[in-house]
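Remarks on the structure that follows.
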2 protein chains.
Amino acid sequence: MTEDMALRVVPRPMRKQVEEGLRNAIMNGRFAPGQHLPDRMLCELFGASRSVVREAVRLLEAEGLVTTIPNRGPFVSFLSPAEAEQVYEVRGVLEALAGEGFALRASAAERAELRRIYEALAALPPRGADQAVLLGLKRDFYEVLMRGSRNPLVGRMFETIINRNTQLRATSLSDPGRLPDTVAEIRRVVEAIEARDAAGAWEACRAHVRSAAAVALRILREREQEARAAPSAARP
Amino acid sequence: MTEDMALRVVPRPMRKQVEEGLRNAIMNGRFAPGQHLPDRMLCELFGASRSVVREAVRLLEAEGLVTTIPNRGPFVSFLSPAEAEQVYEVRGVLEALAGEGFALRASAAERAELRRIYEALAALPPRGADQAVLLGLKRDFYEVLMRGSRNPLVGRMFETIINRNTQLRATSLSDPGRLPDTVAEIRRVVEAIEARDAAGAWEACRAHVRSAAAVALRILREREQEARAAPSAARP
DNA sequence: CCCTCCCGGTTTGTCAGTCAATCTTCCGAT
DNA sequence: ATCGGAAGATTGACTGACAAACCGGGAGGG
């Protein structure tokens, strides 16, 4: 009876695998925005049957990563600058809500954890820092922030919303000279939280997203200009 | 070429019908929280094949209305008081964001529309008002608010989040004596919006949700007490 | 030469049937 | 009364099939 409780092989359902694989493929750019995703192709790619593929696509559709056009099938969602702005607005209030909740409800251990991650961020070289390390630290930061806010719903919504602009996030971070600003903004978040200042944490979080949005949107609009000058790929 | 643009019969795909039907069935209580939804039953109920039903269920799962337990199938999600509180927190910031955006970006016509709906609400009898009319007016109010905020993403997220607590919303509205408070809160929203006071609209919206949450959570916790005293139906 | 219409291949949307794995239930043995 | 196991039901997954809708290209007309 207790033979294999611990190492109980819970084979992740095929559907989950396809779901994750497809999500990752979209987020790291393996599938470009606007690209068509015929299910035959997905079946071969993941070695799954059509039913499984279609269920997975349906889930990503609800998350907004995929847009289905009737009788034409699923496409990788295209994020216009206007939509990106909306994403940042929502992300801002969710992050602020999490920061507020963290200041009110997180444990001392969690506050310390958050500070450690901040210290690691602050210790990065101002220029030429390893992108992967930077992204990893930011991921950890948000993971702790969401956990400590004691509001799993915000965490889930934050994750799906951030998935929608992962391509963009790289751009806002890669902007040269942005890192010191980022670190300063996050310091304000951490300091407000350590002071148990809920309103301050709220404001610091929202300000951080606002400035990240400003940078990303500027870059995005520049790209848009270039693309309009030299159109290479049309949207569906 | 322009023969039937307007009356173009776009037969809604079966999947959408099942999706909507199931969503409605859950929201108006035809399926109780915690209830098991075997796909055979759903197939018969909607006259659809298993693949279609399963895709629809997958979508509702992503919306949070349905929870699937591996190898046991889909169940109607149960909303604990703690989760309800989280829902209200998120709803509060989304609504506030919409109110803020409306104050900044809505047209004069939309502002007038909002006021008309408010007047209709204020004209209701303080007691014994028709529930259906009341709910309809609130729905219209939010529809206009979201449209005028010029942020479709907020509108979509608001809708899915509000779907999760439709059962509860009836309770918060049915509380005797609550209507005058509701009307007063909404008046503050409308007044701030007409003054183009974004910060005021934000605060008024958030305050409104906060007080609705307080009422609903009180009722919900009372029920919880009763249920614990006399357990009739166990949760899955 | 350009526009239009039709035609065939491709993809979607849907259904029905199959099959192994797993869960629930209930029955019988200890 | 408890334990163990068999029977039935349900899920998860695959396959084959087929009508309807869409796409691209070529035939035909202006």
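A note on names: the letters A, B, ... follow the listed sequences, proteins ahead of strands, and every chain is numbered from 1.
In this structure, of D/dG12, D/dT10, C/dC15, it is D/dT10 that holds the atom nearest to the side chain of B/R40.
Rounded to whole Å, the distance from CE on A/M14 to C1' on D/dG12 is 10 Å. Rounded to an integer number of Å, the gap from B/E44 CD to D/dT10 C1' is 14 Å. Rounded to an integer number of Å, the gap from A/R50 CZ to C/dT14 C1' is 9 Å. Residue B/N71 contributes atom CG, which lies 9 Å from atom P of C/dT24 at whole-angstrom precision. Atom CD1 in A/I69 sits roughly 11 Å away from atom P in C/dG13 (whole-Å rounding). Note: CZ (A/F46) to P (D/dC14) measures 13 Å, nearest angstrom. For the pair A/K16 NZ and D/dT11 P, the interatomic distance rounds to 16 Å; values are reported in whole Å. Rounded to a whole Å, the CG atom of A/D39 is 12 Å from the C1' atom of C/dT14.
Each of B/P38 and A/S51 has a nearest nucleotide on DNA chain D; the 5'-most of these lies closest to B/P38.
Here the side chain of B/H36 pairs a donor or acceptor atom with the backbone of B/R72 at under 3.5 angstrom.
Using a cutoff of 4.0 Å between basic side-chain nitrogens and carboxylate oxygens, B/E85 and B/R221 are scored as salt-bridged. Under a 4.0 Å N-O distance rule, the pair B/R150/B/E110 qualifies as a salt bridge. Of the charged side-chain nitrogens involved, none lies within less than 4.0 Å of a carboxylate oxygen, so that A/E44 and A/R40 do not count as a salt-bridged pair. Using a 4.0 Å cut-off between charged nitrogen and carboxylate oxygen, B/K16 and B/E20 do not count as a salt-bridge pair. The residues B/E143 and B/R139 are annotated as not salt-bridged, no charged nitrogen and carboxylate oxygen being separated by less than 4.0 angstrom. Electrostatic pairing of B/R156 and A/E83 does not count as a salt bridge here, judged by no charged N lying under 4.0 Å from a carboxylate O.
In this structure, A/R15 reaches the sugar-phosphate backbone alone: every heavy-atom distance under 4.0 Å involves primed, P, OP1 or OP2 atoms, never a base.
A close approach under 4.0 Å does occur between a side-chain nitrogen or oxygen of A/R72 and OP1 or OP2 of D/dC23. For the OP1/OP2 pair of D/dC23 and a distance below 4.0 Å, the side-chain nitrogens and oxygens of A/H36 include no atom meeting the criterion.
Contact check of residues 54-63 of chain A against DNA chain C (heavy atom, cut-off under 4.0 Å) returns A/R54.
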